[in-house]
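Input: a single structure, listed below in structure tokens.
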Amino acid sequence: MYIKELEIDKFKSFANRVNIPFEKGFTTIVGPNGSGKSNIIDAILFALGLATANEMREKKISEFISLYTNSKEASVTVVFDTENPQEPELRIKRKIKKGSQGYNSIYYLNDKPVTLTEVHLVLDKYNVNTNSYNVVMQNAVFKVTDCTPRERRTYLDEIAGVAEFDRKIKQAT
């Protein structure tokens with residue numbers, strides 16, 4: 001499974017709707033400082049519910065709506081290619097909207113409203129969760145290059161999925 005496309009609408013620095021296609025394989029996002037690279041990663045984490053507002057450099061949910069528009073809502077959709085002919089595409093969307101009693105956050109799975117728990121259950125099937133290294137942030141790259149060999153082995157075990165088996169073995173004994 002891989003991210004096939006990212007649809008961003010009025011999220012953070014993206015005032016207009018943007019579709020970003022991703023090719024299968026290793027993807028990097030490059031550009032000058034201030035071009036919105038981090039906001040693309042934040043958009044993915046936001047839609048999948050894998051990070052808090054603070055981890056995405058914001059204090060509250062209202063700050064995810066672009067300041068460059070007068071809109072009261074924003075949304076991000078992550079489209080996955082599951083590489084499975086029975087279910088070729090998985091669409092996960094998160095929309096925030098200002099209502100009469102504050103901001104509402106709504107998740108969608110293939111265009112049907114669902115809870116965050118339901119989104120995480122589907123993502124867990126593909127080993128996409130907060131404990132995995134599906135998205136490697138810039139500071140994490142520096143951590144790996146600057147760490148001790150033992151720490152590097154721990155990171156690599158997590159990335160490869162070996163650490164999960166080690167935890168299960170410890171639980172069984």
With side chain to side chain contact (heavy atoms under 4.5 Å, CB included) as the test, would you mind laying out the steps for Val122 and Leu109 before giving the verdict? CA-CA 9 Å; Val122 169; Leu109 189 55; 3.5 Å; yes

Under the side chain to side chain contact (heavy atoms under 4.5 Å, CB included) criterion, do Val114 and Val119 qualify, and how do the steps go? CA-CA 7 Å; Val114 294; Val119 169; 3.7 Å; yes

May I have the step-by-step check of side chain to side chain contact (heavy atoms under 4.5 Å, CB included) for Val128 and Asp124, ending in yes or no? CA-CA 5 Å; Val128 176; Asp124 278 343; over 6 Å; no

Run the side chain to side chain contact (heavy atoms under 4.5 Å, CB included) check on Glu63 and Ile65 step by step: do they pass? CA-CA 5 Å; Glu63 294 174 348; Ile65 298 173; over 6 Å; no

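In this structure, NZ on Lys95 lies 10.5 Å from CG on Asn104, to the nearest 0.5 angstrom. If you take CD on Glu5 and CZ on Arg91, they are separated by 7.0 Å, rounding to the nearest 0.5 Å. To the nearest 0.5 Å, atom CZ of residue Phe22 and atom CD1 of residue Ile3 are 6.0 Å apart. Atom-to-atom distance recorded for Ile29:CD1 and Asn39:CG is 10.5 Å, nearest 0.5 angstrom. Atom CG of Leu90 and atom OH of Tyr126 lie 6.0 Å apart (nearest 0.5 Å). Interatomic distance, CD1 of Ile92 versus CG of Asp111, reported as 11.5 Å (0.5 Å rounding).
Checked against side chain to side chain contact (heavy atoms under 4.5 Å, CB included), Arg152 has the following partners two or more places apart in sequence or in another chain: Val144, Cys147, Leu156. The side chain to side chain contact (heavy atoms under 4.5 Å, CB included) search around Lys98 returns Lys72, Tyr103, not counting sequence neighbours. Applying the side chain to side chain contact (heavy atoms under 4.5 Å, CB included) rule to Val18 yields the partners Phe14, Ile20; only residues at least two apart in sequence or on another chain are considered. Not counting sequence neighbours, the partners of Ser105 by the side chain to side chain donor-acceptor pair (under 3.5 Å) test are Arg94. Contacts of Thr117 classified as side chain to side chain contact (heavy atoms under 4.5 Å, CB included), with partners at least two apart in sequence or in another chain: Thr115, Leu121. Applying the side chain to side chain donor-acceptor pair (under 3.5 Å) rule to Lys93 yields no partners; only residues at least two apart in sequence or on another chain are considered. Applying the side chain to side chain donor-acceptor pair (under 3.5 Å) rule to Thr148 yields the partners Glu151; only residues at least two apart in sequence or on another chain are considered. Scored by the side chain to side chain donor-acceptor pair (under 3.5 Å) test, Ser71 finds no partners at all (sequence neighbours excluded).
Atom OH of Tyr2 has more than 12 heavy atoms from other residues, nucleotides or ligands within 6.0 Å. Other residues, nucleotides and ligands place no more than 12 heavy atoms under 6.0 Å from the CG atom of Asn16.
Counting Ile, Leu, Val, Met, Phe, Trp and Tyr side chains that sit under 4.5 Å apart, directly or through other members, Ile106 shares a hydrophobic cluster with Tyr108.
Taking the six-membered ring where tryptophan is involved, the planes of Phe46 and Phe64 are tilted, since the angle between them lies from 30° to 60°.
A donor-acceptor contact shorter than 3.5 Å is absent between the side chain of Ser66 and the backbone of Ser13. Judged by distance alone, with hydrogens and angles left aside, the side-chain atoms of Asp9 form no donor-acceptor pair with the main-chain N or O of Ala74 at under 3.5 Å. Counting only distance, with no hydrogens or angles, the side chain of Lys4 and the backbone of Val79 share no donor-acceptor pair below 3.5 Å.
Between Lys10 and Glu73, none of the side-chain N atoms (NZ, or NE/NH1/NH2) sits under 4.0 Å from a carboxylate O, so this pair counts as no salt bridge.
In the hydrophobic clustering of ILVMFWY residues, with side-chain heavy atoms under 4.5 Å counting as a link, Phe11 and Leu116 come out together.
Listed by first and then second residue, the salt bridge (Lys or Arg N to Asp or Glu O under 4.0 Å) pairs involving residues 77-88 are Lys24-Glu83 (not counting sequence neighbours).
Between Ala43 and Ile8, the shortest heavy-atom contact is CB-CD1, 3.9 Å.
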